Amino acid sequence: MKKFVYLFSEGSADKKSLLGGKGANLCEMKLLGLPVPDGFIVSTEACADFYKFGQKVREQTQEQIFKALAVIEKTMGKKFGEGELPLLVSVRSGSRASMPGMMDTVLNLGMCDGSCESLAKINPRFAYDSYRRFIQMFANVVMGLDRSKFEKIIDEIKAKNNIIYDSELNADDLKDILTKYKALYKTMAKEEFPQNPREQLMRAVSAVFKSWQNPRAVVYRRLHDIPSSWGTAVSIQAMVFGNIDQTCGTGVAFSRNPSSGENKLYGEYLLNAQGEDVVAGIRTPNPIEVLKEQSPKLFEELMSYARLLETRYKDMQDMEFTIERGKLYMLQTRNGKRTGAAALKIAVDMVEEGLKTEKEALLGIDPKQLDSVLHPQFEKKALSKYTPIASGLPASPGAACGKICFDVEKCKQMKAQKIKSILVRLETSPEDIEGMNASEGILTVRGGMTSHAAVVARGMGRACVVGCSDLRLDEENKQFEAGGKVYREGDDISIDGSTGHVYGAALPTVEAEVSGDFAIVLGWANKYRKLKVRANADTKADAETALRFGAEGIGLTRTEHMFFKKERIMAIREMIVSSTEQQRKAALDKILPYQREDFEQIFRVMNGKPVTIRLIDPPLHEFVPHEDMEIKELAKEMKLTYKSLKQTVQSLHEFNPMMGHRGCRLIVTFPEIAVMQTQAIIEAAVAAFKAGIAVHPEIMVPLVMERKEFRFVHDIIKKTADEVLGRNNVNIEYTVGTMIEVPRAALLADEIAKEAEFFSFGTNDLTQMTFGFSRDDIGKFIGDYYSNNILDFDPFAKIDFEGVGQLMTRACERGKKVRPNIELGICGEHGGDPASIKFCHTIGLHYVSCSPFRVPVAILAAAQAALSVK
Ligand code: PEP
Ligand code: MG
């Protein structure tokens, strides 16, 4: 029989894939000689076995579990759920990657009427409190019962006795709660509360394995690129208690400040409490300095473990500890989640301290986290004009403003309507993850810096303020009161995740700067990366932002995005509905100066760096007037009758516009469009060149599927460009290439490369056409693909390596065979996604192009790819 269960003494930190991060790190702490309560781990392979055999913990696995349990009983000198001082255990999830709060945990397992009675002889308050906690967790985690019904019982007793904190409940209150809990359990679960500790244990292990597939864990995995095949391990560990009396406590400590990165032990702890009280944000904990005052010796001991673990892991540690009757126990350590700013500071400091090399430091930063550093900050001037309406703890930095939302659904709806929202809650729970992701920022009334909201927001790069008790929140009526004013759903607020301030208006923001630690890290990344990083930029302003963030060129200018201004769209519409070539040319003549001016501005900003300009691409229906008013206005402008124009508009209707008359197909029908656009590009280049600016235009043809098609457009471009250059008597080098965004083009890349000087993968369309999933409609059904385990991630966000990736790999190989110096890049959305960037590095692209704000993310990801791919 395969080994599925490992004692802590049998593992180490390098066995994360087998034992999960939590389990492997417990083993490592034991190895290092830290005070870790004994325990064992049911492996991730057991999890796979559990799912393989119809969600059952098989008998052989159970036998191994009970064997390991017997070893723990022996070393602890206690009996599981029995005896004067019974052994109780915690049952915790732990996958290879840390997924804070996403899966389930059961504490105090082994509590039953008998063990409660024994413990009550030592300390009745503690015994009843531990038992009622266990019932509540078991009911929720194992039986899926609503925990709020249990909370309600406590709230009622607290209200009756006029007390605020759980810690003020006395033994009689807790006994009363316990009786009510058991009754509630029986009503809701339709069974007596299970009294056999072994049965409790097996049911809890199953529940933890099942929690791997709970909806919040599935969403979290998708957001963090964690494959569902990894599974979770289960750590079973002897309980130590932070809630026996005032000589006990529990806390969370970070070896450095996770918000700012400052090299100082940072944390929170609660006297007479269990770990969940700190993490769930139910009580606002004390800063760790309070421990230093109360017990300098224990504080020193904790500090020494923090230092030891940092040196061992070469990273900032997030540790959980419990003090039981004056003795410190370490319950967990892991690399701590941190803000983007803290990630940069810690990396730079650790290299300076000699703890890490530059390469190790680069590999240790999550590129997606840089997003938060790139987020805007509030304008200093505006800040001085506004007084905060409330203040809380600065949990995750960045300035965010938006409309107040009190629930997840509303945040999601607003996001779909492109409206910015701020999620305001008493506290968040893991169920809120999608709403948190859809919002610009999160504001909670309760909780500390290690509460769920704080930890998750930091990981997501969302601005977050927690513990904002100045707000008087009425969740039911969807409003809160602050600074003497009532705020309702849809009102504007701003939160500053760096200071903890909340403002009752939408404050203006300024863009982020690349400086300090950020610039140092990007400097290291530039030394090691092979891929160049360009930006997708349609305007002068975009190009400026891109340059500021380190872009080395523009990989995609979508010319049609320049058409959306009022006076331009009229001209474009005229062009589209023209029925004669003459009419069309007249309309194009109106567009030419706009395009020329825009291109010249971009060339000037980029000052010699390559600029790839793509000819018109979108489905025509995006520009055709649909409203009667618009049709009338255009008819007047074009001196046509409303009726005839309406007919023309109707005739342009397409059944499948994404696969219709778009991209180079438009040029095949209307070559004069390519003539106008080429003229605008080259004339702009000539103007910039004459002003002493180096220019490198790359003219890109969209949606090509066939060599002859490309050749057709290429010849028009060449003829027009050479005419403009000849007329101006200047010699500017320009290239003509194609996007690879139709599967046929990828398959016939060798043919196309005979004509095209460069390829740029348009992975948005390539994904759409390879999957046959509409880019615009996938949102309606992708959820079903996740819930049925058909897809693990959104292929429009991360390249589908197996399918789309195969086409890309082949296209590169074939292109290079025909034209060894062909330039290869990517300009689809995937160009800013770290996992996709690694793939682009692997298949030998020369550059990635992404939105300006993602340029630094791409620079770091490119360096990581170069350092990690052999
Ligand atoms: C693409 O298809 O990947 C691309 C960059 O073009 P667009 O998104 O404009 O279709
Ligand atoms: Mg495209």
Side-chain angles (χ1 to χ4, degrees), residues 533-539 542 546 551 553-564 572 610-623 654 656-667 673 677 698-706 709-710 713 737-746 749 752 756 758-779 794-801 803-805 807-808 811-812 823-833 836-837 839-840 843 845 847-852 854-855 858:
V533 177
R534 298 194 190 180
N536 293 355
D538 305 331
T539 61
D542 284 354
I554 288 180
L556 173 63
T557 293
R558 290 177 163 104
T559 47
E560 62 275 6
H561 284 189
M562 302 165 159
F563 297 155
F564 282 107
I572 264 295
V611 176
T612 308
I613 298 173
R614 180 180 73 183
L615 301 185
I616 191 167
D617 177 53
L620 285 186
H621 77 286
E622 286 186 18
F623 295 106
E654 290 184 309
N656 202 339
M658 271 290 183
M659 293 172 123
H661 202 188
R662 60 174 286 219
C664 63
R665 297 162 204 169
L666 285 172
I667 297 168
I673 298 178
Q677 290 203 296
E698 297 180 344
I699 303 176
M700 182 155 77
V701 185
L703 231 66
V704 166
M705 52 91 202
E706 151 68 40
E709 186 189 36
F710 178 79
V713 184
T738 180
M739 296 190 74
I740 301 286
E741 50 184 347
V742 174
R744 192 175 192 278
I752 294 172
F758 64 85
F759 286 169
S760 176
F761 289 97
T763 42
N764 303 334
D765 274 309
L766 191 58
T767 302
Q768 167 168 261
M769 299 203 205
T770 303
F771 277 80
F773 285 164
S774 155
R775 301 161 59 162
D776 298 328
D777 297 313
I778 188 174
D794 178 352
F796 287 99
K798 178 172 129 185
I799 292 174
D800 152 49
F801 305 143
V804 175
L807 286 171
M808 291 173 72
C812 288
E823 187 184 49
L824 301 168
I826 178 175
C827 62
E829 280 310 298
H830 307 84
D833 168 64
S836 307
I837 291 170
F839 179 76
C840 293
I843 62 170
L845 296 195
Y847 70 86
V848 295
S849 187
C850 55
S851 79
R854 307 201 83 189
V855 165

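This structure is a prediction, so every number in the text was calculated from the model and none was measured. Values below: all heavy atoms of this structure, side chains included; hydrogens, waters and symmetry mates excluded. Both ligands and their constituent atoms are indexed starting at 1 by order of listing.
Nearest to the Mg ion (ligand 2), among the N, O or S atoms that Glu741 has, is OE1. Asp765 has its closest N, O or S atom to the Mg ion (ligand 2) at the position named OD2.
For Arg558, every heavy-atom contact with ligand 1 shorter than 4.0 Å involves the side chain, none the backbone. When non-hydrogen atoms are compared, ligand 1 lies under 4.0 Å from the side chain of Met739 (C-beta onward) but not from its backbone. By the criterion of a heavy-atom distance under 4.0 Å, the side chain of Leu556, and not its backbone, is placed next to ligand 1. Here Asp617 has side-chain heavy atoms under 4.0 Å from ligand 1, and that is the only part of it that gets that close. Under 4.0 Å from ligand 1, the heavy atoms of Arg662 that appear belong solely to its side chain.
The shortest N/O to N/O separation between Asp765 and ligand 1 falls below 3.5 Å.
Salt bridge present: Arg534 and Glu698 bring a charged side-chain N and a carboxylate O closer than 4.0 Å. Using a 4.0 Å cut-off between a side-chain N of Lys or Arg and a carboxylate O of Asp or Glu, Arg558 and Asp617 do not qualify as a salt bridge. Under a 4.0 Å N-O distance rule, the pair Arg662/Asp765 qualifies as a salt bridge.
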task: Starting from the C-alpha separation in whole Å, work towards a yes-or-no answer on side-chain contact (heavy atoms from CB on, under 4.5 Å) for Ile699 and Ile613.
output: CA-CA 5 Å; Ile699 303 176; Ile613 298 173; 5.7 Å; no
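Formation of a donor-acceptor pair under 3.5 Å by the Thr559 side chain with backbone atoms of Arg614 is found in this model.
Closest heavy-atom contact between Ala537 and Ile554: CB-CD1, 3.8 Å.
Close approach to Arg614 involves these atoms of ligand 1, each under 4.0 Å from a residue heavy atom: 4 (C), 6 (O), 7 (P), 9 (O). Heavy-atom proximity to Gly762, at under 4.0 Å, picks out these atoms of ligand 1: 1 (C), 2 (O), 3 (O).
A 4.5 Å side-chain heavy-atom check between Ile752 and Thr738 finds at least one atom pair inside the cut-off.
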